[in-house]
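Here the structure comes first, spelled out in structure tokens, and everything after it is commentary.
Scope of the values below: all heavy atoms of this structure, side chains included, with no hydrogens, waters or symmetry mates.
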Amino acid sequence: MSDRPLPSSFDSNEDFYNEKALQKVVRRIKEEPLIPIGCVLTVAAFANAYRAMRRGDHNQVQRMFRARVAAQAFTVIAMAAGGIYYQADRNKSKELWKVKEAEDADEKRQKWIKELEVRDAEDKALKERLEKRRKRAEQRAAAEVEGGVAARAKAAFQESKEATEATSSGDAADAAASGAEGTSKGSVLGSLGLW
């Protein structure tokens with residue numbers, strides 16, 4: 001059997017849970033690019049207002065604060081409009097994500113079933129090999145038992161043949177003269193040995 005662990009049907013989505021913070025920010029910027037632009041414009045207007053205030057240019061300070069308010073308004077409008085505009089896109093992406101998750105789950109289930117089938121086939125093959133070994137061992141044991149009986153019968157036959165040859169070699173002429181008498185006196189194996 002294989003030492004590999006069985007695939008789990010409860011494996012989590014590693015791509016979703018292992019997303020780093022920077023990757024999440026980049027993904028969100030790609031989804032709604034107007035919001036970061038508004039934030040950058042707001043910070044730039046505030047920085048220019050601060051520089052103008054340090055120089056003492058009050059007209060430039062007022063213009064930069066108005067630009068900051070406009071940039072903040074742009075950011076808020078971009079957030080609201082982006083939320084409305086990208087809502088359908090988010091729903092589509094959620095549906096696609098669900099479909100992809102379903103496909104991944106089905107693929108994982110199929111792999112799990114194939115792994116179970118492979119292990120089942122390995123178990124069946126192992127059981128067949130063990131069954132063949134057991135049958136061969138039984139046949140060997142039966143052959144040894146039969147071989148032992150046959151060997152004993154063969155030895156007994158050889159002993160009786162030798163005994164009849166010893167008796168018949170001395171009385172070969174008598175046995176030939178009294179053929180009918182020799183068969184009735186000797187054993188059946190003895191008469192077969194004389195033939």
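- Rounding to the nearest 0.5 Å places CZ of R27 at 14.5 Å from NZ of K20.
- Atom CZ of R133 has 12 or fewer heavy atoms from other residues, nucleotides or ligands within 6.0 Å.
- Atom CZ of R134 is surrounded by more than 12 heavy atoms from other residues, nucleotides or ligands within 6.0 Å.
- For the atom pair I77 CD1 and L34 CG, the distance stands at 11.5 Å (nearest 0.5 Å).
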Handout entry: Criterion side-chain contact (heavy atoms from CB on, under 4.5 Å) on Q23 and V26, from CA distance to verdict
Key = CA-CA 5 Å; Q23 292 172 337; V26 169; 5.8 Å; no
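- Put simply, the residue from V43, T42, N48 that forms a side-chain contact (heavy atoms from CB on, under 4.5 Å) with R68 is T42.
- Here the side chains of L116 and D120 are not in contact, with every heavy-atom distance at 4.5 Å or above.
- Membership of the apolar cluster around M53 extends to F46, Y50, V61, F65, as traced through chained side-chain contacts below 4.5 Å between ILVMFWY residues.
- Residues that satisfy the salt bridge (charged side-chain N to carboxylate O under 4.0 Å, His left out) test with D57, not counting sequence neighbours, are absent from this structure.
- Separation of atoms CD (Q110) and CD1 (I113) is listed at 5.0 Å; rounding is to 0.5 Å.
- When all heavy atoms are compared, the tightest approach of A67 to A45 is C-CB, 3.9 Å.
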Problem - Stepwise salt bridge (charged side-chain N to carboxylate O under 4.0 Å, His left out) check, K100 with D104 - result: CA-CA 6 Å; K100 184 179 179 288; D104 289 345; 3.3 Å; yes
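- The salt bridge (charged side-chain N to carboxylate O under 4.0 Å, His left out) search around E107 returns K111, not counting sequence neighbours.
- By the 4.0 Å N-to-carboxylate-O rule, K124 lies too far from E128 to be salt-bridged with it.
- In this structure, the side chains of R66 and V69 stay at 4.5 Å or more apart for every pair of heavy atoms.
- For Q60 and R63, the side-chain atoms include at least one donor-acceptor pair closer than 3.5 Å.
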